[in-house]
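Report on the structure given below.
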Amino acid sequence: MDASAIHDVFVIGGGINGCGIARDAVGRGYSVFLCEMNDLASGTSSGSTKLIHGGLRYLEHYEFRLVREALMEREVLWKMAPHIIWPMRFVLPYAEGLRPAWLLRLGLFLYDHIGGRKLLPATKTLDMVSDPAGKPLKPLFKKAFEYSDGWVNDARLVVLNARDAADRGAVIRTRTRVVEARRDNGLWSITIEDMQSRVTELVKAKLIVNAAGPWVDRVLAGAVGQNDVHNVRLVGGSHIVIRKKFEDPRAYFFQNRDGRIIFAIPYEEDFTLIGTTDQDFTGDPKDARISEIETDYLCAAASEYFTEPVRRADIVWTYSAVRPLYDDGASKAQEATRDYVLKAEGGNGQAAIVNVFGGKITTYRRLAESMLEKIEEHLGKRGKPWTAGATLPGGDFPVNGFDAEAAKLKASYAFLDLPHARRLTRLYGTRARTLLGLARSQADLGRNFGADLFEAEVRYLMQHEWAVTAEDVLWRRTKRGLRLSKDQAAALDQYMSAALGDRAAAE
């Protein structure tokens, strides 16, 4: 499919919503062109708390429809991608003077029963004096509730949706921005610019999906030329990553005195992820960084629970992102709705645009299905909904079969140690075999950039997953950035720049 063709759907934004919509649409028979101004998942979609969850705290704000839809999606998504999504048990300690125990139990009863739970275990009550989950916590926490939710490698969820969309025929263009979009004889004429070469081209499409996340209003005000646009409330969320704080595989859900909550979650084998904050954000979303106040807040909130305090010196990495919540007029950032709103403009001979406001990772697939209903209204119906039963690339193995899949990979490539085989299976699932190819020894994988990141994996990410820089590889595709030194990261960047130069010269 080339840029000179008239596409059915032009998607602006390579986050989870944009890539999910592109995948669903192309799978139903629409021609799709997706444009992302940076790397895939370089904004909100790699800055989440990385949970597939119903949103227990949203029950307090009576968001029952959103919670039910999210709960129903947990097992659907787990079956789609058991390499990057898996169940996790959460421990919610009862804290004297905060939400009463009966209210927590009632909320968890609803959580267990309104979302069609089949595979995930139910809630249970823990005696924190005897249960291992109590060991890292202060002794004043005597009782807790343990419930089920899911974990997701968020940036990989995005890239696998993009990969599947491309495999089905969609055009995926990263590091390409929309300069202008104007209506022209019932179509959209969209000028796009390659951010590296600065070459521009014209793409024609019947309908635009504006899934630009925090930039959704800017796209409307800039490229599309609408004035007085204000649909989203930008809320910043920051996380800290520290050395492993506890050995237990379960995560913690901590209530705070200010009514907010944070999570402490096992992360990347040797670390603990703590977050998130909720603060209204002004400025350019690309400049989102954790503030001193947020750092102190997360350290203090976690230290209320852990016997061993969380200190600034414990932090090995931080990340921040801006959530584009639909502006419903809520007084507090943490009370603003996490639900999504789709708004269409045009039709009746005028090229249509459908804008995506809000949403969360857990409900991205359902959001895409809702978007396809809007697309069908304007372009006519093609195929039926299909994504609920279709696996993402690499996810074609049994939902509880990760350990067996990793063991099979290790058996096929005997030179891999088990942690390396498990890491590759976690990231790529069955496609780890495509990455490893005919390799019969570690030497066949090429140069080692550090922390079992070999040239073969980097080449795979450049050829199949749109990776261009070391940051793409280290912080979005693999998280090996937690383990490589600055010199090793610089060497990787140099290698990738040279490889891209060679590729450009060959073309």
Would you please say whether a donor-acceptor pair under 3.5 Å links the side chains of [X] and [Y]?
X	Y	result
N161	Y364	yes
H53	T362	no
E455	Y460	no
T174	D39	no
D149	Y111	yes
S45	D154	no

Determine yes or no for a side-chain-to-main-chain donor-acceptor pair under 3.5 angstrom, with W86 supplying the side chain and W78 the backbone. no
Is the backbone N or O of D164 less than 3.5 Å from a side-chain atom of R23, with the two atoms forming a donor-acceptor pair by type? no
Should the pair [X] and [Y] be assigned to parallel (<30°), tilted (30 to 60°) or perpendicular (>60°) ring geometry?
X	Y	result
F449	Y495	tilted
Y319	W317	tilted
F90	Y147	parallel

With a 4.0 Å cut-off, would you call [X] and [Y] a salt bridge?
X	Y	value
R175	D194	no
E465	R163	no
R480	D472	no
D24	R366	no
R173	E201	yes

Ring of F397, cation from R433 - is the NZ or CZ under 6.0 Å from the centre and inside 45° of the axis? no
Would you find more than 12 non-hydrogen atoms of other residues, nucleotides or ligands less than 6.0 Å from D287 atom CG? yes
Residues which pass side-chain contact (heavy atoms from CB on, under 4.5 Å) with R117, listed by chain and number, not counting sequence neighbours: R74, E75, D112, L120, A122
